[in-house]
Trainee: 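One structure coming up, written as structure tokens, with questions to follow.
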Amino acid sequence: MKSLVIAVAAVLSLMLGRPAFADEPIVIKFSHVVAPDAPKGKAALLFKELAEKYTDGRVKVEVYPNSSLYKDNEELEALQLGSVQLLAPSISKFSPLGVKEFDVFDLPFLFSDEEHARQMMASPVMEGLNKKLESKGVLPLAYWDNGAHDYTANKPLIMPDDFRGMKMRIQGGKVQDAVARELGAIPQIIAFGELYQALQTGVVDGEDNVPSNIWTQKFYDVQKYMTLSHHGHLTYAFITNKTFWNSLPADVRVALDRAVKEASAFFNDAAAKDNADAVEKIRASGKTEIHILTDAERKAWIAKLMPVHAEMQARFGKDFIERIYKASGFTPPQS
Ligand code: LMR
């Protein structure tokens, strides 16, 4: 009987991340898919350090980088089940949760720069979206801005027509799918942890990402061309299991909230510099030729992709899209 009680306590504690016995630390598993030296990897390690320090060791954070615990498609489910307590996925991966609204941020060229992306994430529009996540048991603690997406491929992508027939990796979601199709490409959802190999073996011809991921995952090793297109944006939601977070002792939660704030500030300061450095390192590697879109090329890309905005009105509703335009400072170009 006693061993059964101990076993049940241990299973429950694993599920909730809570200690079975009073003197054991609360274990928080933080899973992510990027390299430890990417901005998210560094912010995760800083969060661990601060969380353990501010709780005087009552909390122990275990960080699992590089999809070593869960891949893209598994980690959200694991969070909902309570098998992991912290994640920081790209918000483009939320549609399998049944919160399709987050896909709206993949509308091409929605954010003119990082300032506008941050303004969007701090706007009141996010309150409604956060509630939708909470209704799925997922509590957003912060949003982290990782900058603009650029394309890489095994052939130069200069004008929209260059995408014709290319197999392009997407993270997921209806908007990314529509963007690839509008360009005449063939979209394929591939987990981030499987992307290097997919590029290397030609399962896909190209992908889009932030330079710090292209550098730290060594995609430049297997991609001859990169276009600084800034057509999309990578935002992370630093999320936890709502039941778990609310079950924490109040003083532990206060200490963790402090660690969340500081790790978030670190992330948002580090990301832009890491991306700029990564572009230079990729250039210096001599393996990937980097093209910066001219104004005329950029105009051609925008003109080509604006129909995706029109098409997506049916999915999101015109009012919602207009609220997003207002909050992000986006003005549709006059055709
Ligand atoms: C991707 O899947 O391309 C990235 O969003 C991975 C990440 O978390 O940066």
Side-chain angles (χ1 to χ4, degrees), residues 30-45 47 63-76 78-79 84 86-97 102-103 105-106 108 111 114 117 121 138 140-153 167-173 175-177 179-180 185 187-200 203-220 222-223 226 229-239 263-264 267-268 270-272 274-275 278 282:
F30 185 167
S31 169
H32 68 79
V33 298
V34 301
D37 57 340
K40 178 159 60 184
K42 291 190 281 191
L45 291 173
F47 175 80
V63 179
Y64 298 90
N66 265 329
S67 313
S68 54
L69 194 58
Y70 298 110
K71 289 184 189 150
D72 289 355
N73 44 356
E74 302 157 348
E75 63 175 17
L76 283 166
L79 186 86
V84 65
L86 285 174
L87 305 174
S90 154
I91 58 175
S92 306
K93 293 176 184 167
F94 278 163
S95 52
L97 276 181
F102 281 86
D103 289 357
F105 301 115
D106 287 327
F111 300 116
E114 263 134 47
M121 291 301 143
V138 174
L141 300 169
Y143 287 99
W144 294 352
D145 173 50
N146 203 3
H149 266 193
D150 298 316
Y151 277 107
T152 66
K167 290 174 280 169
M168 298 300 290
R169 181 263 180 168
I170 59 166
Q171 296 176 69
V175 179
Q176 291 194 359
D177 186 87
V179 167
Q188 279 196 41
I189 298 176
I190 292 175
F192 187 66
E194 290 163 3
L195 185 50
Y196 179 92
Q197 206 183 2
L199 293 167
Q200 188 184 36
V203 169
V204 282
D205 303 310
E207 59 91 49
D208 60 331
N209 231 302
V210 291
S212 61
N213 274 341
I214 294 166
W215 173 251
T216 54
Q217 295 293 321
K218 302 193 168 42
F219 296 156
Y220 65 93
V222 286
Q223 295 277 267
M226 178 170 175
S229 46
H230 295 191
H231 58 282
H233 209 85
L234 180 55
T235 304
Y236 297 136
F238 188 23
I239 52 177
S264 302
F267 182 96
N268 287 326
D274 280 20
N275 277 327
I282 294 165

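From a predicted model like this one, the values you see are computed outputs, not experimental measurements. Whatever order the structure lists them in is the order used to number ligands and atoms, beginning at 1.
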Trainee: Hey, what's the ring geometry for Phe102 with Phe94, parallel, tilted or perpendicular (30° and 60° as the breaks)?
Mentor: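 The rings of Phe102 and Phe94 stand perpendicular, inter-plane angle above 60°.
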Trainee: Does atom CD of Gln197 have more than 12 heavy-atom neighbours, drawn from other residues, nucleotides or ligands, at distances under 6.0 Å?
Mentor: no
Trainee: Give the residues near ligand 1 by chain and number, with the criterion being a heavy-atom distance under 4.0 Å.
Mentor: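 Around ligand 1, where the cutoff is 4.0 Å for heavy atoms, the contacting residues are Val33, Val34, Lys40, Ser90, Lys93, Arg169, Gln171, Phe192, Asn209, Asn213, Leu234, Tyr236.
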Trainee: Apply side chain to side chain donor-acceptor pair (under 3.5 Å) to Tyr236 and list each qualifying residue two or more places apart in sequence or on a separate chain.
Mentor: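 If we apply the side chain to side chain donor-acceptor pair (under 3.5 Å) test to Tyr236, skipping adjacent residues, the hits are Asn146.
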Trainee: When you compare the side chain of Phe192 with that of Asn213, does any pair of heavy atoms fall below 4.5 Å?
Mentor: yes
Trainee: Just one of Phe111, Trp144, Tyr143 clears the ring pair (Phe, Tyr, Trp, His ring centres under 6.0 Å) bar with His233, so which one?
Mentor: Phe111
Trainee: With under 30° as parallel and over 60° as perpendicular, where do the rings of His231 and Tyr151 fit, or are they tilted in between?
Mentor: parallel
